[in-house]
Peer 1: 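My questions all concern the structure below.
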Amino acid sequence: MTDTLARRNLTGAQVGIPPRHIDFRFSQAQQRYFFFDQNPLASLVFVVFSGIFPPGERFFMESVRNFRDRITDPVLKAQVSGFMGQEALHGREHDRLNDFFRERGFDVDLPARYVRFGLRQLARFSPRLQLACTTQMEHFTAHLAEQWLTDKALAASSDPEMLKLWYWHALEELEHKSVAYDVFDLIGGTQRERKQAGWLVGFFIGLPVVASWVHLLVKEGQLFRFKENRRGLKALFGRGALISEVLRHMPTFWRRKFHPSQQETQALEASWRERLFGQNGDLVDVHRNPKAAA
Ligand SMILES: [Fe+2]
Ligand SMILES: [Fe+2]
């Protein structure tokens, strides 16, 4: 009986998805600079990501929330609340990073506007398709997260303080990577809907994101710096580079027997949990709820 009650009240942390309150503070003294390899094009893609995360993650949460009352399994319920908590906190900390960018003259609101337009179009489709779109975007994010955590060029050439936020976000994306999909599975989501979602996300999210990136380059007066831009493109899209590796894994989403857990990241997550939150971990001093997240 006690055991049943305990299962009914599981928390996100108890099922491996702890919402961690992290209190990132960016140095006010930090001057504006291109923080990824001193390269405008590559740095601006991070401004774009950070700008689109808060509205994007709100959409993810909403599309899962639409089906929350159908979930009876206590473990999945707890995973969903862990997912909601983690995404909400990602949005909050990216808002803070976006303030930092804004204060330094990066127009981080521009990609947010583009993506909000795209999300409004997705919101016209059925709640089932919206959830399918979320699973597609979570698949992208999970592979992006794996690259963030393993890419040596990113680690060697980026701002070390900013990296901590990306690493925390990436770890949690891997921890909750199956949750939206498991809800989609529960409502009988199909391969056909996943394929439709692929087109919808490509058209309404992918295109606006790329357009906002180019627009930012134009605003920054960087579009015609061909040599620098070639260097940035190579850093992101070259062989084995960050974004190329993510894109390489996109087609697995449309397989008949797809599940996010096929992306094996448990060992990677464990090593990063230790590195960030273990004894003397990089984020221990800014982690505000270590007991609840334990
Ligand atoms: Fe997130
Ligand atoms: Fe996520």
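Just follow the structure's listing: the first ligand is 1, and inside any ligand the first atom is 1. Position 1 is the first residue of the sequence, and the numbers go up from there.
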Peer 1: Rounded at 0.5 Å granularity, tell me how far CD in Gln136 sits from CG in Leu131.
Peer 2: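 Atom-to-atom, Gln136:CD and Leu131:CG are 12.5 Å apart.
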
Peer 1: Kindly confirm whether the Fe ion (ligand 2) is within less than 2.8 Å of some N/O/S atom in Glu57?
Peer 2: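 Glu57 does not place any N, O or S atom closer than 2.8 Å to the Fe ion (ligand 2).
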
Peer 1: Has Glu173 got an N/O/S atom less than 2.8 Å from the Fe ion (ligand 2)?
Peer 2: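 Here the distance criterion (N, O or S atom, under 2.8 Å) is met by Glu173, so yes.
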
Peer 1: Rounded at 0.5 Å granularity, tell me how far OG1 in Thr72 sits from CG in Leu186.
Peer 2: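 Spacing of OG1 (Thr72) from CG (Leu186) equals 7.0 Å.
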
Peer 1: For residues Arg32 and Gly105, report the shortest heavy-atom separation together with the two atoms involved.
Peer 2: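 Of all heavy-atom pairs spanning Arg32 and Gly105, the closest is NH1-C, 3.3 Å.
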
Peer 1: What pair of heavy atoms forms the shortest contact from Arg65 to Met84, and how long is it?
Peer 2: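 Minimum heavy-atom contact is N-CE, 3.7 Å.
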
Peer 1: Of all the N, O or S atoms in Glu87, which has the shortest distance to the Fe ion (ligand 2)?
Peer 2: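 When I compare the N, O and S atoms of Glu87, OE2 is nearest to the Fe ion (ligand 2).
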
Peer 1: When you check the gap from the basic side-chain N to the acidic O, do Lys164 and Asp282 get nearer than 4.0 Å?
Peer 2: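 Not counted as a salt bridge, because no side-chain N and carboxylate O are separated by less than 4.0 Å.
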
Peer 1: Would you check if the Fe ion (ligand 2) lies under 2.8 Å from any N, O or S atom of His90?
Peer 2: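 Under 2.8 Å: His90 has no N, O or S contact with the Fe ion (ligand 2).
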
Peer 1: How is the N/O/S atom of Glu138 that comes nearest to the Fe ion (ligand 2) named?
Peer 2: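 The Fe ion (ligand 2) is closest to the Glu138 atom OE2, counting only N, O or S.
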
